[in-house]
Amino acid sequence: MAKIIIEGGRRLRGTVRIGGAKNAVLPILAASLLASSGTSQIEDIPNLIDADVMMETVASLGAAVKRIGTTARINARHLVTAEPPYELVRRMRASFVVAGPLLARYGEAAIALPGGCNIGQRPVDLHIKGFEAMGAVSSLENGCVRLRAPKGGLTGARIYLDVPSVGATQNIMMAATLAHGQTIIENAAKEPENVDLANYLNKMGARVRGAGTDTIRIDGVTELQGATHNVIPDRIEAGTFLIAAAVMGDGVYVENAMSDHIMSVIAKLEEAGAQIEDDVTGIRIYPANTRLRALDVKTHYYPAYPTDLQAQMVACLSVGLGTSTVTETVFENRFMHVAELRRMGANIAVEGRTAIIEGVSELSGAEVHATDLRAGAALVIAGLVADGETEIYNVHHLDRGYDNIVGKLQALGARIRRDESELGVAGSLTGAAG
Ligand code: UD1
C-alpha cells in the first residue's frame, strides 16, 4: 500500500491540465456495449483505477477493448454473457451502470449488488423501478440483481425519479435507447456527465433529447453503432485544484477546466475572496489577499454545489477566517474526513448533516487515513496547507479518481511524493463514492 508524503507550506504556481471526467467515462464505456456494429473510439480517458475496472468489465462481457494511451477502442458486436464477474463489480459501485445496456442489448443482466459503502446508503432501487416500468422483471438471487426483459424487448415508459439520481438516470436512458416507443424520465439528473453520455448515445444513433434538463425524452431505435467521442473535462478534478489554489496558490491556471460546469464552486471561492478569471481554455485563480473568508455551503444536485467537492471545501475552510458551515444533503455519511482533519488541528464539529468549522490560523502535519476518494483529496489539500509533514495512508482511494495528483501538484511546486513501499492499512475498494 502506498502512502503520500507532503511537506506543507509551499505556494502553488503555474499550470495544471485537467483530464477527462471519470464520471462521464464510466457510463460512456458501459454505453459502448449498446453498439451491435462498428467500433467506438472514446478519447481523453484518464489513467484511473475506476476507468480500468470499467474497461475490464466491458471486456468480461465479450467486447473487444483496446486502450492506447488516453484512447479506448471498443467493439461490442459479440457479447457472450450478461453477468460481469463479481471480482470486478465488487471493486466499483458504478459497475451497476452496465445493467441498462445489457438489458437493452442482451435482454438480461445479472449484477452483484454493490457492496457496503463508506459514505452512506447507496441503493439502486430507482434503477430497478425504471427497468421494471419498461417491462423488465427483477429478482434478487444470491446477492445478485437479476433482470430480464420481456421476449419482444423493453417498452418505453414514463418514469418519475423520486430523487434525481445520476446513476439511475444513466441506466434508464441507456436501456431506453433500444426500447419500443418513447421513454420519458422526469426529475432526471442534470449533471454535465449525463449530457455527455446523451451526446455519445446520439452519435451512436440514439434519439435522446432534453439531457441537462429535468425531463429527458428517448425515442427507441432498433440498433446503435459504435461512435467516436471525446469525453468532457473532469469538473471535480478541476474544482479540487481550484480549491487547493484558492488556499495555497499564488496564481494557478487550471487548463481544460470548463467554468460552466462549476459555476457554484467559482461563486463560493469568489465569495471567500479568491480572484477568478475564465477564458476559453481554462480558469485562472489568484488567492485572496488575506485568509479566505468564512462561507456557508450546501451540497445538492447539479447545478448546486457538488457533494464530490464537499470534503475539499471543508479542508479549505478549516483555515478560513471565522465560522463556516458546510451542509451535506446528498449522502448521509460523508464527513469521515472531519476526524482526520481534526487530527491536523482543524476545529470542526458535526451536527447532523452540517459541519461547523471554526477557522484556525494553521494546521499541523500528521499521519492521516483517506477514507474515500474525495476525503483523500481533502487530506491532500490540508497537507499542502499544514505546517510540517503529513503522511496520507490508503491512497488507493485517490487512484480511483485522480490521475497523477502527485505529479500534477509537484509541477505546481508542492513538496509532495509517493512512497510505494509503505505497508499501510488496506481499505476496501468497495462502493467508495466518487
Ligand atoms: C454519482 C457519482 C458520484 C456523486 C453522486 C452524486 C458516478 C460514477 N458517481 O453517484 O461521484 O457523488 O453521483 O452527485 O457518476 N439514490 C436512491 N436510490 C437509487 C439511487 C440513488 O435513493 O436507486 C439516492 C442515493 O442514496 C443518494 C442520491 O440518490 O442519496 C444520489 O445518488 P446518485 O445520484 O444515484 O449517485 P451515484 O450515481 O451513485
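Because only heavy atoms are used, hydrogens play no part in the values below, and waters and symmetry mates are left out as well, while side chains stay in. Each ligand, and each atom within it, is numbered from 1 in the order the structure gives. Because the structure is a prediction, the values reported are computed rather than measured.
When only interatomic distances are considered, the shortest N/O to N/O separation between Ser165 and ligand 1 falls below 3.5 Å. For a threshold of 3.5 Å applied to N or O pairs, the pair formed by Val166 and ligand 1 contains at least one separation below that value. Of the polar atoms of Tyr301, none of the N or O atoms is found under 3.5 Å from an N or O of ligand 1, judged by distance alone. Considering backbone and side-chain atoms together, Asn23 places an N or O closer than 3.5 Å to an N or O of ligand 1. Distances between N or O atoms of Pro164 and those of ligand 1 include no value under 3.5 Å.
Ring geometry for Phe96 against His127 counts as perpendicular: the plane angle is over 60°, on a 0 to 90° scale with 30° as the lower cut.
When the options Gly167, Ala189, Gly130, Pro123 are ranked by their closest heavy atom to atom 22 (O) of ligand 1, first place goes to Pro123. The heavy atom nearest to atom 24 (C) of ligand 1, out of those in Thr329, Asp308, Val163, Asp372, is found in Val163.
Residue contact check: Thr307 has heavy atoms under 4.0 Å from atoms 6 (C), 12 (O), 14 (O) of ligand 1. The Arg334 neighbourhood of ligand 1 comprises atoms 12 (O), with distances under 4.0 Å to a heavy atom of that residue. Near Ala94, the atoms of ligand 1 lying under 4.0 angstrom from a non-hydrogen atom of the residue are 8 (C). Interface atoms of ligand 1 facing Val330, defined by a heavy-atom separation under 4.0 Å, are 27 (C), 30 (O), 31 (C). Per-residue contacts place Leu126 under 4.0 angstrom from the following atoms of ligand 1 (heavy atoms of the residue considered): 17 (C), 18 (N), 19 (C), 23 (O).
Shown here for Lys268 and Asp296, the closest heavy-atom pair between the two residues is NZ-O, 2.8 Å.
Between the side chain of Glu191 and the main chain of Val166, no donor-acceptor pair closer than 3.5 Å is present. A donor-acceptor distance shorter than 3.5 angstrom exists from the side chain of Asn187 to the backbone of Leu161, with no hydrogens or angles considered. Using a distance-only test at 3.5 Å, with no hydrogens or angles considered, a donor-acceptor pair links the side chain of Glu340 to the main chain of His369. Between the side chain of Arg353 and the main chain of Thr329, a donor-acceptor pair closer than 3.5 Å is present.
Neither side chain, Thr81 nor Glu83, offers a donor N or O lying under 3.5 Å from an acceptor on the other. Side chains of Asp279 and Tyr253: a donor-acceptor N/O pair is present below 3.5 angstrom, by distance only. For the residue pair Glu255 / Thr15, no side-chain donor-acceptor distance below 3.5 Å is found, with atom types taken as modelled.
Under 4.0 Å is where a charged nitrogen must lie from a carboxylate oxygen, and between Arg293 and Glu271 no such pair does.
Within the 4.0 Å heavy-atom criterion, neither part of Tyr302 lies near ligand 1. Neither the backbone nor the side chain of Met92 comes within contact range of ligand 1; no heavy atom lies under 4.0 Å.
The shortest heavy-atom distance from Ala168 to ligand 1 is not under 4.0 Å. Within the structure, ligand 1 lacks Met54 among the residues with a heavy atom less than 4.0 angstrom away.
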